[in-house]
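The structure under discussion appears below in the form of structure tokens.
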Amino acid sequence: MQKNRIINVDNSINSGQVFLWRKNGKYWYGVNGQDILKITDSGTIKSYQNIKTDFFRKRDNIEEIIKSISKDAITKDAVKQYLGLRILEQDPFQCLISFIVSSNSNIQKIKSSLENISRKFGKRVKFDNQEFFLFPKPSKLAKASIDEIKSCGVGYRAKFIKEAAKIVLYKKIDFETLQKDSYQEAKEKICQIPGVGNKVADCVLLFSLNKLDAFPLDRWMIRILEKYYSKQFQLETKTITEKQYEILHEKIVKHFGPYAGYSQQFLFKMERENYQKKWL
DNA sequence: CGCCTCCCTGGACT
DNA sequence: AAGTCCAGGGAGG
């Protein structure tokens with residue numbers, strides 16, 4: 001059972017959860033809000049600011065979680081193949097902006113847009129003799145003009161970013177409260193933010209607000225459900241409407257249990273690797 | 001409620 | 001070389 005505790009840093013970072021990361025030699029470096037994290041291949045974190053974080057969610061009882069989500073052959077296979085893949089716990093504001101930017105986009109483009117945003121609006125710092133840009137604070141993006149934000153390559157999402165930053169800045173949405181809320185409560189609140197629908201909301205909830213029952217349903221996950229789970233979750237229509245998303249999520253949690261979000265991560269990783277999609 | 005169209009960018013293909 | 005096509009979520013009609 002001890003082997004289950006191993007963290008596979010490469011797989012965890014290369015699984016569509018985070019974007020502002022690069023590998024330099026044997027270390028991964030990444031921007032996490034107002035901090036820069038440096039990760040060794042065993043998963044030990046040294047950081048620029050030493051802001052406390054459980055980035056790899058070491059507090060989770062991963063043996064228990066794996067046991068809980070291994071409900072069928074496909075999941076068991078994905079878990080076995082990518083043992084050590086973890087859900088990462090990110091800075092909520094950066095996570096929110098990242099997934100607003102992600103809508104109608106792909107990993108390469110999201111990465112470049114976010115790098116532009118950090119470079120343009122974030123504070124430049126030196127860490128380990130390398131240059132980094134922290135993720136901009138809400139106040140900075142709330143003050144920025146739409147055109148300035150657009151110049152980062154985010155297109156029509158620029159106004160969503162500015163509005164989201166304002167909502168966070170003025171505490172109309174408070175991440176600490178969302179942490180304590182139930183999945184349903186937190187989701188309803190976060191979906192009020194422009195540019196945040198079901199899928200983006202679930203990413204933010206799962207990757208930064210400790211909601212392990214969130215299960216982001218993007219094109220890839222729908223494809224996976226159609227391919228492997230058509231009997232369990234029959235998908236009648238081509239387009240996933242809001243109502244259907246909700247019904248599907250209920251079925252998914254019923255099948256995979258309270259840690260469904262972890263199963264999503266394993267399945268997503270497996271399928272994208274099968275199609276040899278590029279990561280960071 | 002479901003369905004349609006538009007919003008942008010960048011890479012692939014022609 | 002310039003044009004067309006496409007992937008990818010959310011909002012509004």
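These figures come from a predicted structure and were not determined experimentally.
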Calculate the interatomic distance between [X] atom [atom1] and [N] atom [atom2]; express it in whole Å.
X      : N      : atom1 : atom2 : answer
A:I110 : C:dA7  : CD1   : P     : 16 Å
A:D202 : C:dG8  : CG    : P     : 18 Å
A:R219 : C:dG10 : CZ    : P     : 11 Å
A:E242 : C:dG10 : CD    : P     : 9 Å
A:Y275 : C:dG8  : OH    : C1'   : 16 Å
A:F160 : B:dC7  : CZ    : P     : 12 Å
A:Q244 : B:dG2  : CD    : C1'   : 8 Å
A:L96  : C:dG10 : CG    : C1'   : 14 Å

Q) Tell me, for nucleotides 8-14 of chain B in 5' to 3' order, what letter each nucleotide earns: B for a base near a protein heavy atom under 4.0 Å, S for only sugar-phosphate near one, - for neither? A) BBS----

Under 6.0 Å between ring centres, would you say that holds for [X] and [Y]?
X      : Y      : value
A:F268 : A:Y82  : no
A:F55  : A:W28  : no
A:F215 : A:H255 : no

Q. Parallel, tilted or perpendicular: which describes the rings of A:F127 and A:Y29, with under 30° parallel and over 60° perpendicular?
A.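 Plane angle over 60°, so perpendicular.
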
Q) Do A:E64 and A:Y259 get their side chains close enough for a donor-acceptor pair, meaning under 3.5 Å? A)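 The answer is no; no qualifying pair exists.
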
Q. Looking only at side-chain N and O atoms, does A:S103 come under 4.0 Å of OP1 or OP2 in C:dG10?
A.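 Checking A:S103 against C:dG10: no side-chain N or O falls below 4.0 Å of OP1 or OP2.
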
(Q) On DNA chain C, does the nearest nucleotide to A:G195 precede the nearest nucleotide to A:W220 from the 5' side, or the other way round? Give the residue. (A)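 It is A:W220, whose closest nucleotide lies nearer the 5' terminus.
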
(Q) Here's a test of your reading of the structure: between A:Q192 and A:R223, which maps to the more 5' nucleotide of DNA chain C? (A)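 Of the two residues, A:R223 wins.
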
**Q.** Difference in axis direction between the ends of the helix from B:dC3-C:dG13 to B:dT14-C:dA2, five pairs, 10°
**A.**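 End-to-end axis angle: 40°.
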
Q. Would you say the side chain of A:R219 lies within less than 4.5 Å of the side chain of A:I222, judging by non-hydrogen atoms?
A.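 They are not in side-chain contact.
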
Q | SB check A:E63 A:R5 (cutoff 4.0 Å) | A |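 Salt bridge between A:E63 and A:R5, a charged N being under 4.0 Å from a carboxylate O: yes.
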
Q. Can A:K269 and A:E273 be counted as an ion pair, charged N to O under 4.0 angstrom?
A.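 Yes, charged N to carboxylate O under 4.0 Å.
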
Q) So what does A:I193 hit on the nucleic acid, given a heavy-atom distance under 4.0 Å: a base, only sugar-phosphate, or nothing? A)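 The answer is sugar-phosphate, as A:I193 gets under 4.0 Å only of primed atoms, P, OP1 or OP2.
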
Q.
Working note: A:F256 + A:Y229, criterion ring pair (Phe, Tyr, Trp, His ring centres under 6.0 Å); need CA distance, chi angles, decisive distance, verdict.
A. CA-CA 12 Å; A:F256 290 110; A:Y229 294 93; 5.7 Å; yes

